Amino acid sequence: MNKKKPSKLPRSFYDRPTLEVAPELLGKYIVYHSPDGILSARIVEVEAYIGTDDPACHASRGRTERNSVMFGPPGYSYIYFIYGMYHCLNFVTEPEGKPAAVLLRAAEPVAGLDIMQQRSTNSNPDTLLNGPGKFCRAFGLTRSENNLDLTADRLYLENRQENVKNIVQTKRIGIRTGTEKLWRFYDGDSPSVSRR
DNA sequence: TGAATGATGCGCT
DNA sequence: GCGCATCATTCAT
């Protein structure tokens, strides 16, 4: 055992201003111990949703049963169901009481590619995870995986340092309000970004 | 190559 | 009932 496994990102990583956390998530590896095997992917695109003043944030109209995880402590998964057929995965940020999260929009497959492909009609690794709905479908994440502790063993991010040379910051995608905020970050060198 | 659209279920007004 | 942090397909340019 001379090779050390990367440790998990600690809760303190998530317990910071969301706009600090979001760009640092690029290049990090997400690991999911799924029922079918271990899945891993390199994060290449995220969006920030921050607080009650952000009209695009689910928490902007107050706390409800659906968005309650965002009001809780940082370092938990927030997964919601949308458009009748898709799920989206977020990482809860900021201290308890301040609702905020980072949406995982796209990633590159690292481990468990065959398992991901079984859940999709698409076999191209570059476009298997290049969208929030596609990512959750390939990973098999649903509301059952909502509110998971990201410092536990089932779903977590690896604490490894990787420099992303070309971070692009743009407007968020797929929303009607709050579009003026430049809260989307992606790796400009990745082939798996959802949209340029 | 971009715009329009249907699929489809649920949370919230 | 309406609208939604989407995606794949269809149709127009």
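Just so it is clear, the model here is predicted, and its values are computed rather than measured. Each chain gets a letter, A, B and so on, in the order its sequence line appears, and its residues count up from 1.
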Side chain proximity check, A:E47 to A:I175, heavy atoms < 4.5 angstrom: no
Donor-acceptor pair, distance only, cut-off 3.5 Å: does the side chain of [X] make one with the backbone of [Y]?
X      : Y      : value
A:D187 : A:D189 : yes
A:R11  : A:P74  : yes
A:R196 : A:G188 : yes
A:D54  : A:S60  : no

Could you list the cluster mates of A:V44? Members are the ILVMFWY residues connected by side-chain heavy atoms closer than 4.5 Å, either directly or through other members.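 Besides A:V44, the hydrophobic cluster comprises nothing; the residue is isolated.
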Got a sec, which hydrophobics cluster with A:I173, joining ILVMFWY side chains under 4.5 Å apart, including via others? none
Considering residues, nucleotides and ligands other than A:R176, do more than 12 of their heavy atoms fall under 6.0 Å from its CZ?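 Open.
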Measure NZ/A:K134 against C1'/C:dA8 and give the value in whole Å, please. 9 Å
C:dT9 P sits how many Å from A:N122 CG, rounded?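 The distance from CG of A:N122 to P of C:dT9 comes to 10 Å, rounded to the nearest Å.
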Taking only heavy atoms on the protein side, list every residue of residues 47-58 of chain A lying under 4.0 Å from any atom of DNA chain C, sorted numerically. A:Y49, A:A56, A:H58
Which residues in residues 112-121 of chain A have a heavy atom closer than 4.0 Å to any atom of DNA chain C? none
Tell me which residues in residues 173-196 of chain A put a heavy atom below 4.0 Å from DNA chain B, sorted by number, or none.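 DNA chain B contact set from residues 173-196 of chain A: none.
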Stem list for DNA chain C, please, built from Watson-Crick and G-U wobble pairs under 3.5 Å and keeping only runs of at least 3. B:1-7 with C:6-12, B:9-12 with C:1-4
Ignoring hydrogens and angles, state whether a donor on the side chain of A:S123 or A:Q117 is under 3.5 Å from an acceptor on the partner side chain. no
Does anything in residues 92-129 of chain A form a ring pair (Phe, Tyr, Trp, His ring centres under 6.0 Å)? List the pairs, not counting sequence neighbours. none
Test: ring pair (Phe, Tyr, Trp, His ring centres under 6.0 Å). Region: residues 133-160 of chain A. Which pairs qualify, not counting sequence neighbours?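 Output for this query lists A:H33-A:Y156, A:F135-A:F139.
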Pair A:E145 + A:R154: basic N to acidic O under 4.0 Å: yes
Distance-only donor-acceptor hits, side chain of residues 20-28 of chain A, under 3.5 Å, sequence neighbours excluded:
from  : atom 1 : to    : atom 2 : distance (Å)
A:E24 : OE1    : A:R16 : NH2    : 3.0
A:E24 : OE2    : A:R16 : NH1    : 3.2
A:K28 : NZ     : A:E24 : O      : 3.1

Can you run down the side chain to side chain donor-acceptor pair (under 3.5 Å) pairs that involve residues 124-140 of chain A, sequence neighbours left out, and say none if there aren't any?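 Checked against side chain to side chain donor-acceptor pair (under 3.5 Å) - neighbours excluded - the pairs reaching residues 124-140 of chain A are A:N122-A:T127, A:N130-A:K134.
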Check this one for me: any side-chain N or O of A:R137 less than 4.0 Å away from OP1 or OP2 of C:dC7? no
The side chain to side chain contact (heavy atoms under 4.5 Å, CB included) partners of A:Y80 (sequence neighbours excluded) come to A:H58, A:R66, A:Y78, A:I82, A:C88, A:N90, A:L103
With sugar-phosphate taken as primed atoms, P, OP1 and OP2 and all else as base, the protein-contact string of nucleotides 4-13 of chain B at under 4.0 Å (heavy atoms; B, S, -) is ---BBBSSSS
